[in-house]
Trainee: 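Below is one structure. I have some questions about it.
One is the number of the first residue; the rest follow in order along the sequence.
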Amino acid sequence: MKTVILAGGLGSRISEESHLKPKPMIEIGGRPILWHIMKYYSSYGFNDFIICAGYKQHVIKEYFADYFLHSSDVTFDYTNEEETVEIHDTHAEPWRVTIADTGLGTLTGGRIRRVRKYIGDERFMLTYGDGLSDVDLHKLLRFHEEAGGVVTLTGVDASQRFGMLEVNDDGRVTEFREKSTADDVAVNGGFMVVEPSIFSERLGDGEDFSKVALGDLALKGELTAYRHSGFWHPMDTQRDREQLEAIWNSGEAPWKVW
């Protein structure tokens with residue numbers, strides 16, 4: 001099963017670093033948060049990735065083009081008046097990575113539509129390139145299969161900064177809306193499972209996937225939420241990045257299951 005990662009936004013709320021690189025390439029513990037997300041999915045056996053790039057997409061492409069250099073000791077030998085490169089102790093991830101330039105100003109709905117040709121007519125995983133969790137992906141997938149919706153998202157308890165979910169006892173999302181100061185409910189933490197029928201929904205370049213497609217599915221009873229009470233942390237601001245860095249440095253990062 002393929003895993004689609006949304007990684008094309010401007011990251012304006014963390015502009016201290018995103019003016020130089022896409023937000024998913026901002027580092028936690030010396031590695032891009034995108035790498036952490038991919039390592040987490042890979043630990044569950046999901047190794048086929050489609051990255052929806054946009055803003056400074058060349059940074060992501062160059063990182064994977066030189067992945068062996070990032071991960072190994074290297075000898076550059078110029079003694080014979082030419083350059084030779086020897087890579088030592090190569091560690092290759094079992095990954096297949098497709099990086100698609102989905103446009104600079106495209107919103108998330110359009111980014112998903114633009115990679116349809118790489119997804120094909122099959123179910124896929126979908127998440128954002130700026131959040132970490134210890135959600136059990138196998139349990140998430142089983143819940144999705146049993147619930148029978150078009151999209152299952154991971155509902156988490158978090159600060160009131162994200163789209164709000166109203167969820168009934170069967171796991172059906174009855175309303176998907178913007179936050180309110182009176183809310184004390186689950187928020188969309190990403191880590192989604194999506195059926196290919198999603199491509200019949202509104203996924204225009206100017207449409208936000210969460211606000212439009214997920215909102216429409218909620219009204220039709222085709223959006224479900226897998227409740228996760230464990231660790232979840234977005235990297236929306238510099239303070240978020242510093243918190244994730246501290247968790248990683250503690251040696252007890254909940255998402256480090258590899």
Trainee: Tell me if the CD atom of Glu83 is crowded by more than 12 foreign heavy atoms within 6.0 Å.
Mentor: yes
Trainee: For the residue pair Ala147 and Thr224, what are the closest heavy atoms and their distance?
Mentor: CB-CG2, 3.8 Å
Trainee: Taking the side chain as C-beta and beyond, is there a heavy-atom pair between Leu203 and Phe209 under 4.5 Å?
Mentor: yes
Trainee: Run the side chain to side chain contact (heavy atoms under 4.5 Å, CB included) test on Ile37 and Tyr128 for me, step by step, so that the C-alpha distance in whole Å, both residues' side-chain angles and the decisive distance to 0.1 Å come before the verdict.
Mentor: CA-CA 9 Å; Ile37 295 167; Tyr128 301 106; over 6 Å; no
Trainee: Look up atom OG1 in Thr152 and atom CG in Leu223, then write down how far apart they are to the nearest 0.5 Å.
Mentor: 7.5 Å
Trainee: Please answer: with hydrophobic residues joined when any side-chain heavy atoms are less than 4.5 Å apart, are Val212 and Leu126 in the same cluster?
Mentor: no
Trainee: For residues Phe231 and Ile247, determine if any side-chain heavy atom of one lies less than 4.5 Å from a side-chain heavy atom of the other.
Mentor: yes
Trainee: Quick one: does Met1's side chain get under 4.5 Å of Asp48's, heavy atoms only?
Mentor: no
Trainee: Hey, mind stepping through Ser42 and Trp258 against side-chain hydrogen bond (donor to acceptor under 3.5 Å, both in side chains) and telling me if it holds?
Mentor: CA-CA 8 Å; Ser42 184; Trp258 55 87; over 6 Å; no
Trainee: Dump the intermediate steps for side chain to side chain contact (heavy atoms under 4.5 Å, CB included) on Val150 and Lys220, then the final yes or no.
Mentor: CA-CA 10 Å; Val150 175; Lys220 294 186 289 187; over 6 Å; no
Trainee: I'd like to check His88 versus Val74 (side-chain heavy atoms, cut-off strictly below 4.5 Å). Are they in contact?
Mentor: no
Trainee: Would you indicate whether the side-chain heavy atoms of Lys39 and Trp95 approach each other to under 4.5 Å?
Mentor: yes
Trainee: Of the non-hydrogen atoms in Ser133 and Val135, which two are nearest, and what is the gap between them?
Mentor: OG-N, 3.1 Å
Trainee: Please evaluate residues Tyr226 and His144 with respect to the criterion ring pair (Phe, Tyr, Trp, His ring centres under 6.0 Å), reporting the C-alpha separation (whole Å), side-chain torsions for both, the decisive distance (0.1 Å), and the verdict.
Mentor: CA-CA 8 Å; Tyr226 175 76; His144 174 79; over 10 Å; no
Trainee: Drop me the distance from Glu242's CD to Met235's CE, to the nearest 0.5 angstrom.
Mentor: 11.5 Å
Trainee: Has the side chain of Arg96 got a donor or acceptor atom that lies under 3.5 Å from a matching backbone atom of Ile50?
Mentor: no
Trainee: In terms of relative ring orientation, are Trp255 and Trp248 parallel, tilted or perpendicular, with 30° and 60° separating the classes?
Mentor: parallel
Trainee: If you round to the nearest 0.5 Å, how far is OG1 of Thr3 from CE of Met38?
Mentor: 9.0 Å
Trainee: Do Ile112 and Thr102 pass the side chain to side chain contact (heavy atoms under 4.5 Å, CB included) test, and can you show the C-alpha distance, the side-chain angles, and the key distance before you say yes or no?
Mentor: CA-CA 8 Å; Ile112 294 168; Thr102 55; over 6 Å; no
Trainee: When hydrophobic residues are tied together by side-chain contacts of less than 4.5 Å, even through go-betweens, does Ile28 share a cluster with Leu20?
Mentor: no
Trainee: So which heavy atom on Asp130 is nearest to which on Ile33, and how close?
Mentor: C-CD1, 3.8 Å
Trainee: Yes or no on salt bridge (Lys or Arg N to Asp or Glu O under 4.0 Å) for Arg113 and Glu207, after CA distance, side-chain angles and deciding distance?
Mentor: CA-CA 11 Å; Arg113 178 183 52 79; Glu207 290 170 324; over 6 Å; no
Trainee: What closest approach, in Å, do Gly110 and Asp205 show between heavy atoms, and which atom pair accounts for it?
Mentor: CA-OD1, 3.6 Å
Trainee: Which of these passes side chain to side chain donor-acceptor pair (under 3.5 Å) with Asp77: Thr75, Thr79, Asn80?
Mentor: Thr79
Trainee: If we count only N and O atoms by modelled type, under 3.5 Å, do the side chains of Tyr67 and Trp35 hold a donor and an acceptor together?
Mentor: yes
Trainee: Running the 4.5 Å side-chain criterion over Ile, Leu, Val, Met, Phe, Trp and Tyr, what cluster does Tyr55 land in, apart from itself?
Mentor: Leu10, Leu104
Trainee: Where is the tightest heavy-atom contact between Arg172 and Gly148, given as atom of each residue plus distance?
Mentor: NH2-C, 4.2 Å
Trainee: Write down the atom of Phe191, the atom of Leu140, and the distance for their closest heavy-atom approach.
Mentor: O-CD2, 3.1 Å
Trainee: For a 4.5 angstrom cut-off between non-hydrogen side-chain atoms, does Asp101 reach Lys61?
Mentor: yes
Trainee: Between Asp157 and Arg227 (salt bridge meaning N to carboxylate O under 4.0 Å), is one present in this structure?
Mentor: yes
Trainee: Atom CG in Leu141, atom CD in Glu146: separation rounded to 0.5 Å?
Mentor: 10.0 Å
Trainee: Using only atom types and a distance under 3.5 Å, with no angle test, would you say the side chain of Arg31 pairs donor to acceptor with the backbone of His36?
Mentor: no
Trainee: Hydrophobic cluster membership, with links at side-chain heavy-atom distances under 4.5 Å among I/L/V/M/F/W/Y: are Val194 and Tyr118 in one?
Mentor: yes
Trainee: In this structure, would Ile51 and Leu107 fall into the same cluster of hydrophobic residues linked by side-chain contacts under 4.5 Å?
Mentor: no
Trainee: Do Phe199 and Asp121 have side-chain heavy atoms sitting under 4.5 Å apart?
Mentor: no
Trainee: Side chains of Lys2 and Thr98: closer than 4.5 Å at any heavy-atom pair?
Mentor: no
Trainee: To the nearest 0.5 Å, how far apart are NZ in Lys23 and NZ in Lys56?
Mentor: 15.5 Å
Trainee: Let's go through Tyr41 and Thr127 carefully: what are the C-alpha distance in whole Å and the side-chain angles of both, what is the deciding distance for side chain to side chain contact (heavy atoms under 4.5 Å, CB included) to 0.1 Å, and is it a yes or a no?
Mentor: CA-CA 10 Å; Tyr41 272 91; Thr127 198; 3.5 Å; yes
Trainee: Enter the distance from Lys256:NZ to Tyr40:OH here, rounded to the nearest 0.5 Å.
Mentor: 13.0 Å
Trainee: Using modelled atom types only, decide if a donor and an acceptor are shared between the side chain of Asn249 and the backbone of Ala246 within a distance under 3.5 Å.
Mentor: no
Trainee: Regarding His228 and Asp134, is there a side-chain donor-to-acceptor distance under 3.5 Å anywhere?
Mentor: yes
